[in-house]
There are 2 protein chains.
Amino acid sequence: MATIKDIAQAAGVSLATVSRVINDGPKVGAKTRERVKTIMKELGYRPNANARALVTQRSASLGVVIAELHDPFFATLAHGVETVTRKQNVQILLSAGSIARETELKAIETLLEHRVEAMVVHSKTLDDDTLIAFANQIPGFVLINRYIPAIANRCVWLDNVTGGRLMAEYAIRQGHEHLALISSHYQIDDPAQRLEGIRLATSNAGLTLPDSMIEYATPDQEGGELAMQNLLATGTHFTALLAYNDAMAAGAMAVMQDHGIDVPEQVSIIGYDDVLLAKYCRPKLTTLRYPIEMMAAKAAELALKYASGTAPEEGLTFKYTPTIVKRDSVARL
Amino acid sequence: MATIKDIAQAAGVSLATVSRVINDGPKVGAKTRERVKTIMKELGYRPNANARALVTQRSASLGVVIAELHDPFFATLAHGVETVTRKQNVQILLSAGSIARETELKAIETLLEHRVEAMVVHSKTLDDDTLIAFANQIPGFVLINRYIPAIANRCVWLDNVTGGRLMAEYAIRQGHEHLALISSHYQIDDPAQRLEGIRLATSNAGLTLPDSMIEYATPDQEGGELAMQNLLATGTHFTALLAYNDAMAAGAMAVMQDHGIDVPEQVSIIGYDDVLLAKYCRPKLTTLRYPIEMMAAKAAELALKYASGTAPEEGLTFKYTPTIVKRDSVARL
DNA sequence: TTGTACGCGTTATCAG
DNA sequence: CTGATAACGCGTACAA
């Protein structure tokens, strides 16, 4: 591939001049500029981003680390980031598949080796200290879907306690007194926080959510099916089912329908996330809107801003609150 | 960030030695190696991928260009690529949002500037010649979901004509004689090829698919809804609906159900792609399986292989054929 | 307005 | 086993 040197030779000018026309440098003769430009076209010249990054110490790139592209939630997250990087001509380096501590760590380090200026990280397996260390080392380091007080201004996160409370309160307001929950068995914050919110709501209403009414499984369709089957097998009685996310809700809904249980006539269901799926399934899922795309865009903007030198304001954080989206999967008793 | 030089100084050795321990170079004293290693840890040293790429002329990175991460189809595609890059320790540079010719071209060029070794490109707006030129310039350039004879061995694609034929034949075999089609209004190959296959099947069966039974819209849920509404508005009669993809099928299904039309009792529906959605919607969608993840993985492997010097075999190509997945959205008449 | 020369962080080729 | 040193492609003071 042609280099700046080749161009200089072909055009009979020096490297510096070529470099100047590439970067719209200030003082170059109009005709020289034209000549160089045409030669660049002819030779199909493309500036080498690596070399440029080396000398300028900036790479115009942003790293994204997520768990699984396959998951609509993460795909939407990535999409949110992409909307802002595209606008700012920033290249995305993507690292997915980080379900384990090892891989997550490695993903961040690889991105670091590539000297990305900014980073939007979704991490559930790394401990606070590790993340704080990264944040202190990398100005453009922003966490999404996680809150760590020590680096509050680097966190874009969702208030899951309120989310849990809202979904339970809504069910209760619709007259439901017997709730069940299918949750994620992953040992991360989210399920615990949502449960905390749910318990807040039930105890406020003088109700309880016994452990026997909670089933844990993988936070996907299969998990939802499994959890639902377990719930049915125990023969417990409930009129409203709260799900950890829409996928689990959909899985549970499918199992109920297979068992001849009418949704929402016999059992109401509330999901969480409001991914595409919620609108597709029948009945349409009442769920909590998790504005992940917007949040991801915010995170990307923030990361890029911090990376370019703007100091994060102390004490500031970026908390989002989910809102209930009423569709057709909840009946009023 | 610490450089190799800092390490060398701190360890009291030369750059060369440090470089050797980094790359597990052949001859380094055991104790020197240890000392250098601990110093690297202490200083949090990370090799600079840009510098390395510059001197080695290889970047261990692969570019992906797709239209829209937001779309489950593309998310799955990206996921397929990711499974192989991760295994081979290759970094992904992602470029999405390329719906227009301009952006698609720019995406490829940016990736080129970053000197990615390999490239998996999903392009529908760029013409054959442009793509061929890129393929000739970049050894690791592979197209996915597109077939260009001149660079057949760089193409991983789906036989859409057969796909169209299969879906129509299946409907016909189930006793349907009155078919309708909702398709994508984008002027790309796929819709035309599928229609060709469908027409093949109908004429073989002595049936016809008049233009009045075809509606075009955007290839997503909204488009499916719109197309279905248009179809209903014209008052045409049909017992089986073929859809361009699962999203359109789901949209159409929703509209029918809202109109009190039973699926599949009154109208059968067949989708295309077999994305997650097909399993979630009710009734579960009978559809054509598009093994995009597998194909994407293949494309990535190919791109990486070609990039590393293996010459592509002439006359070889990578054609995949969709298969029908029978679920619950088709009734036998 | 244009050219020279140095350095960015690495690897690799020589010598020692 | 180890150390100079020349690239890699580019940006930029400093000269001219």
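Each chain gets a letter, A, B and so on, in the order the sequences are listed, and its residues count up from 1. All heavy atoms count here, side chains included; hydrogens, waters and symmetry mates do not.
Straight-line distance from the CD1 atom of A:I4 to the P atom of D:dT12: 11 Å, rounded to whole Å. Here C:dT10 presents its C1' atom at 14 Å from CE of B:M40, a figure rounded to the nearest Å. Distance, A:M1 CE to D:dC10 P: 10 Å, rounded to whole Å. Put simply, CD on B:Q9 is 14 Å from C1' on C:dG9, counting in whole angstrom units. Between B:D6 atom CG and C:dT10 atom C1' there is a gap of 13 Å when expressed in whole angstrom units. Residue B:I7 contributes atom CD1, which lies 16 Å from atom C1' of C:dT11 at whole-angstrom precision. Residue A:R58 contributes atom CZ, which lies 18 Å from atom P of C:dC8 at whole-angstrom precision. If you take NZ of A:K5 and C1' of C:dT4, they are 13 Å apart, rounded to a whole angstrom.
Listed by chain and residue number, A:E82 satisfy the salt bridge (Lys or Arg N to Asp or Glu O under 4.0 Å) test with A:R86 (two or more places apart in sequence, or in another chain). Taking A:Y306 as the reference, nothing meets the ring-ring contact (aromatic ring centres under 6.0 Å, His included) condition, with sequence neighbours excluded. With sequence neighbours excluded, no residue satisfies ring-ring contact (aromatic ring centres under 6.0 Å, His included) with B:Y320. B:R35 is linked by a salt bridge (Lys or Arg N to Asp or Glu O under 4.0 Å) to nothing, counting only residues two or more places apart in sequence or in another chain. The ring-ring contact (aromatic ring centres under 6.0 Å, His included) search around A:F318 returns none, not counting sequence neighbours. Evaluation of the side chain to side chain contact (heavy atoms under 4.5 Å, CB included) rule for B:K5 yields B:T3, B:L15 as partners, not counting sequence neighbours.
A side-chain hydrogen bond (donor to acceptor under 3.5 Å, both in side chains) check over residues 43-54 of chain A, counting only residues at least two apart or in different chains, returns nothing. Applying the side-chain hydrogen bond (donor to acceptor under 3.5 Å, both in side chains) rule to pairs touching residues 124-136 of chain A yields A:R101-A:D127, A:E104-A:T125, A:K124-A:D190, A:D127-A:T130, A:D128-A:R146, sequence neighbours excluded.
Taking every heavy atom of residues 46-54 of chain A and every atom of DNA chain C, pairs under 4.0 Å involve A:L54, by number.
Screening B:T32, B:I7, B:I22, B:I4 against B:T17 for a side-chain contact (heavy atoms from CB on, under 4.5 Å) leaves a single residue, B:T32.
Side chains of A:W157 and A:N145 form no contact here, defined as non-hydrogen atoms less than 4.5 Å apart.
For the pair A:S19 and D:dC10, the criterion of a side-chain N or O lying under 4.0 Å from OP1 or OP2 is not met. Under 4.0 angstrom from either OP1 or OP2 of D:dA7 there lies no side-chain N or O belonging to B:Q57.
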Atom pairs and distances, side-chain donor-acceptor, residues 63-76 of chain A, under 3.5 Å, sequence neighbours left out:
residue: A:E68; atom: OE2; partner: B:H79; partner atom: NE2; Å: 2.6
residue: A:D71; atom: OD1; partner: A:F73; partner atom: N; Å: 2.8
residue: A:T76; atom: OG1; partner: A:P72; partner atom: O; Å: 2.8

Checklist entry - How is the base pairing of DNA chain C summarised as a dot-bracket string, given the Watson-Crick and G-U wobble criteria with both distances under 3.5 Å, [ ] for crossing and | for another strand? => result ||||||||||||||||
All N/O pairs under 3.5 Å across the protein-nucleotides 2-6 of chain D interface:
residue: D:dT2; atom: OP1; partner: B:T32; partner atom: OG1; Å: 2.7
residue: D:dT2; atom: OP2; partner: B:G29; partner atom: N; Å: 2.5
residue: D:dG3; atom: OP2; partner: B:S14; partner atom: N; Å: 3.1
residue: D:dG3; atom: OP2; partner: B:S14; partner atom: OG; Å: 3.3
residue: D:dG3; atom: OP2; partner: B:T17; partner atom: OG1; Å: 2.6
residue: D:dG3; atom: N7; partner: B:R20; partner atom: NH1; Å: 3.4
residue: D:dG3; atom: O6; partner: B:R20; partner atom: NH2; Å: 2.3

